[in-house]
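What follows is a single structure, written as structure tokens, with notes after it.
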Number of protein chains: 2
Amino acid sequence: MAQVSYDFFQLRFFIAVAEELNFRRAAARLNMTQPPLSRQIKLLEDRIGLTLFDRSNRSVRLTPAGESFLKSATDLMQRAEYAVLTARQAERGEVGNVVMGFVPSASLHFVPQIASALKRSMPGVKFEPIEMMSYEIAEGLQSGKLDLGLTRSATHAQEVENILLVREPFVLVLPRDHALCAVANLRVEDLHGVDFVGYSSERGGFLKDIHRALFATVGVTPDTVQEVSQTQTIVSLVNAGLGVGLVPRSASAMQMENVLFRPVAAPKEFNSTLYLNIAPNRGTPLNEKVRATILGALQPRSA
Amino acid sequence: MAQVSYDFFQLRFFIAVAEELNFRRAAARLNMTQPPLSRQIKLLEDRIGLTLFDRSNRSVRLTPAGESFLKSATDLMQRAEYAVLTARQAERGEVGNVVMGFVPSASLHFVPQIASALKRSMPGVKFEPIEMMSYEIAEGLQSGKLDLGLTRSATHAQEVENILLVREPFVLVLPRDHALCAVANLRVEDLHGVDFVGYSSERGGFLKDIHRALFATVGVTPDTVQEVSQTQTIVSLVNAGLGVGLVPRSASAMQMENVLFRPVAAPKEFNSTLYLNIAPNRGTPLNEKVRATILGALQPRSA
DNA sequence: TTGAAATGATACACTTCCTGTATCAAGCGT
DNA sequence: ACGCTTGATACAGGAAGTGTATCATTTCAA
């Protein structure tokens, strides 16, 4: 490509002549004299291999090719100006793309919250959230395909910054007709021997590890009837009556016919966490603004 | 407008550097040496007031503004090339706009035929037919608002070329239950004393004049119960049973429940005519092609 | 019919500015 | 620590654009 043989200033000359249809007046408007203008127009015609003006018997008129080229020329000039303005906005971080990978359990509450916060305070920024597995997020952040990540555990990739966004307790999700619904002040001990729908270790398995540690601490062994990888699936299976589950509190946004969410007393170290991962190319105004907006929207505690 | 301070060749330089991210390689690709390239890039940055590259610690990287400007720059280059190609097409008459005014009676048969012929053989041309009165067509052709006209009589405006496209006989349009339906080989004389729906003199009145001359020649006076300006209206009123009418044969394309069309013997000089009017700015390839296409589609006789 | 004014094209000298060569300062790899 | 590579700088040469002067042609008016 790039076989453009003419130049912007020639376009400006051409537009002036096309609008005035008079070389002298056009030259005056361009703060120059007529001969160089004539020469440049002829040069432009030579370069693009087209006759733009009909200079017959004293009157200057546009040829059909000239009319077409005039439209294109004015369009090009506008776009050329606009290019600078857009670049200025990009420099200030007002426009751009932000691609964020997030784990499925963040899709219910946090992703919508972040998306609306960004849309509100940075309308020129195109925000693209993509649901993916945590190891894919780590890869994407390092390869540069992702600008941000939202994971349950910190991403240990080099140069990736991790910010603890949220620390939320687990809540018990159980069918409406379950015996435990009647129990006030639920404790983890109450789950002993109960049918349980838990996390599999398939995708990172971070939440499964927390559960295992929590149960070990209290000395409880629930009867795990099913292991799945996504929080949404747990709630669905509980809704179907397969057993009870233990999910991050934000999952209670997922209301279903046959499920209830109940708090469970448990030590803070067994809370579920949510981290914002920031790609290594940080420091740009866009990234700074996006980061500040997300932190402001989710009121984080310090990492 | 037109405050574009940079030039196309600088865009080419910028794109090369942005793609290579190395001044020397980019210079080689551009068949030049490195120092002028560095200088032009710096000049470009000065002109647009933006830092496009991060030249820190030996590696060249695009700034956010640079990324944005790179997109715009490649887009501009493509459009700049495309502008020339489009102008070439315009020069050959392959693209452009053709605005044609036409009288209402041409809308049934001829306008669709012309439109489809143009669409078939000149797909890049935008054809815009506008229904208007004949005097408006004459005005439009002279003022340059119209490229073509379609009228029943030649347009006597200066420099306007008239081509006789069609010479068609009048046919009798009459209600299905009318007494004349039974008559074989209808003649004009048969209309004596019959209820007649004719043309008014409101819009040019050319067709009314032909009728009057025709009736005078044969010595017949129909009983004119209604005068209207449009052929379509005549057919509608006949369909409603108000009387019979005499309309150009092409109007028989307008089928209605309660009407029949019948040929009427009449001398050729009383045929209805249809003229193609060509605006004074003729001679362009586009106009020539459009003219040839229309003539080919309607198989005209010589004017 | 004729002369004055205006139009775009051409010729040539001047100036501008872009290019290439030579060179420099700074950072990376060995 | 040395050499290689990177982009930036200085300067001379040359290409190219500009302005002044002028021409040929056409239009308008007297």
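Here is the naming used below: chain letters follow the sequence lines, and residue numbers restart at 1 for every chain.
Across the protein-nucleic acid pair, L37(A) atom CG and dT10(C) atom C1' stand 15 Å apart, rounded to whole Å. With rounding to whole Å, I41(B) atom CD1 is found 14 Å from dT9(D) atom P. Regarding D7(A), its CG atom lies at a distance of 14 Å from the C1' atom of dC17(C), rounded to whole Å. The CG-C1' distance, from L52(B) to dG7(D), rounds to 16 Å in whole Å. One interatomic measurement links the two molecules: CZ of R55(B) to P of dG27(C), which rounds to 15 Å at whole-angstrom precision. Look at CG on D46(B): it is 16 Å from C1' on dC18(C), rounded to the nearest Å. Atom CE of M32(A) is separated from atom P of dG17(D) by 11 Å (rounded to the nearest Å). A straight line from CG of L43(B) to P of dA8(D) spans 13 Å, rounded to a whole angstrom.
Ring to ring, F69(B) and Y6(B) are close: their centroids are under 6.0 angstrom apart.
A distance of 13.0 Å separates NZ in K145(A) from CG in D147(A), rounded to the nearest 0.5 Å.
Side-chain contact between F110(A) and L165(A) is absent, with no heavy-atom pair separated by less than 4.5 Å. E131(B) has its side chain within reach of F102(B): a pair of non-hydrogen atoms, C-beta onward, lies under 4.5 Å apart. Here the side chains of R120(A) and T293(A) are not in contact, with every heavy-atom distance at 4.5 Å or above. The shortest distance between side-chain heavy atoms of F14(B) and L44(B) falls below 4.5 Å.
Using a 4.0 Å cut-off, some side-chain N or O of S38(A) falls inside it from OP1 or OP2 of dA9(C). For dT10(C), the OP1/OP2 oxygens have a side-chain nitrogen or oxygen of K42(A) closer than 4.0 Å. For R39(A), no side-chain nitrogen or oxygen approaches OP1 or OP2 of dA9(C) to under 4.0 Å.
The minimum heavy-atom distance linking A154(B) with Y275(B) is given by the pair N-CD1, 3.5 Å.
Closest contact between the side chain of Q40(B) and the listed nucleotides dA9(C), dG7(D), dT19(C) involves dT19(C).
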Give me the distances for all protein-to-nucleotides 21-26 of chain C N/O pairs that come in under 3.5 Å?
none

